[in-house]
Amino acid sequence: MGGCVTSFTGAHRFLSNFWPAAVSLDHIIYPTVEHAYQAAKSVEPAKRAIVRMMPNPAMARTAGRRLGVRRDWVAVKVEVMRHLLEQKFAAGSHLADALDATGEMLLEEGNTWGDRFWGVYGGTGANTLGRMLMAIRTKNRDCEFAALLG
Ligand SMILES: Nc1nc(O)c(N)c(N[C@@H]2O[C@H](COP(=O)(O)O)[C@@H](O)[C@H]2O)n1
């Protein structure tokens with residue numbers, strides 16, 4: 001199955017970081033990747049707790065953006081995101097199955113909020129989130145193949 005997912009909406013909403021999925025950050029569980037990613041901007045447990053308690057991911061994002069980021073944030077944020085997404089789409093989970101069902105489709109978080117780092121806005125962007133999801137999709141398949149071979 002080729003083609004392209006150009007926004008994480010509708011049937012592909014589960015690809016968004018706003019989708020409910022319990023993930024762990026430093027042994028604390030967060031309700032969505034967005035909650036955990038935004039909390040990770042700070043190393044202070046009290047600030048992380050404020051983000052974790054937000055009732056929805058949009059509010060977690062707003063709260064996270066007000067934290068003031070840790071000094072190494074730019075250096076670590078991609079690895080933080082990868083760590084969280086690997087949990088969300090852990091091989092064998094129903095979300096991993098849904099990701100696998102996207103076949104060979106190009107995954108792009110086309111967006112209206114101007115994000116050209118994680119997604120694509122106005123036809124351009126690094127699409128870092130989409131590329132990570134496609135890499136996890138491939139990795140999960142490789143693991144499954146390796147397990148079949150024993
Ligand atoms: N679904 C969704 N709705 C929005 O309104 C968004 N802004 C996003 N983007 C997500 O925000 C995170 C990046 O936040 P920072 O710019 O680093 O503060 C990342 O998870 C994007 O996917 N998504």
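Here the structure is a predicted model, which is why all the values come from computation and not from measurement. Atoms within each ligand, like the ligands themselves, are counted from 1 in listed order.
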Problem set entry | Contacting atoms of ligand 1, where contact means under 4.0 angstrom from a heavy atom of N17 | 19 (C), 20 (O), 22 (O)
Problem set entry | Protein contact of atom 23 (N) of ligand 1 - nearest heavy atom, named by residue and atom, plus distance | W113 CZ2, 3.2 Å
Seminar exercise, completed: Note: ligand 1 atoms sitting under 4.0 Å from heavy atoms of R65 are 15 (P), 16 (O), 18 (O)
Exercise. If you measure from each non-hydrogen atom of L129 to ligand 1, which part falls under 4.0 Å: side chain, backbone, both or neither?
Worked result: side chain
Problem set entry | Aromatic centroids of W19 and F89 separated by under 6.0 Å | no
Problem set entry | Criterion side-chain hydrogen bond (donor to acceptor under 3.5 Å, both in side chains) against H83, the qualifying member of E86, Q87, E79 | Q87
Seminar exercise, completed: Within the 4.0 Å heavy-atom cut-off, what Y37 brings close to ligand 1 is side chain
Problem set entry | Contacting atoms of ligand 1, where contact means under 4.0 angstrom from a heavy atom of S16 | 1 (N)
For this session: Return the option from E109, K77, R13, Q38 holding the heavy atom at the smallest distance from atom 14 (O) of ligand 1.
Result: Q38
Exercise. In terms of residue, atom name and distance, what is the protein heavy atom nearest to atom 10 (C) of ligand 1?
Worked result: E34 OE1, 3.7 Å
Exercise. Does a donor on one side chain sit under 3.5 Å from an acceptor on the other, for R116 and T124?
Worked result: yes
For this session: May I ask you to check whether R61 has an N/O atom sitting below 3.5 Å from an N/O atom of ligand 1?
Result: yes
Problem set entry | Shortest non-hydrogen separation from H35 to P57 and the atoms involved | CE1-N, 3.5 Å
Exercise. Does atom CZ of F14 have more than 12 heavy-atom neighbours from other groups under 6.0 Å away?
Worked result: yes
Seminar exercise, completed: Rounding to 0.5 Å, atoms CZ (R131) and OG1 (T128) come to a distance of 5.0 Å
Exercise. Any heavy atom of M81 sitting closer than 4.0 Å to ligand 1?
Worked result: yes
Problem set entry | Per-atom contacts, ligand 1 versus W118 - under 4.0 Å to a heavy atom | 13 (C), 17 (O), 19 (C)
For this session: Give the residue and atom name of whichever protein heavy atom lies nearest to atom 18 (O) of ligand 1, and the separation in Å to one decimal.
Result: K41 NZ, 2.6 Å
Exercise. If you draw a 6.0 Å radius around CZ in R66, do more than 12 non-hydrogen atoms from other residues or ligands fall strictly inside?
Worked result: no
Seminar exercise, completed: Closest heavy-atom pair, N127 versus L107, reported as atoms and distance to 0.1 Å, is ND2-O, 2.8 Å
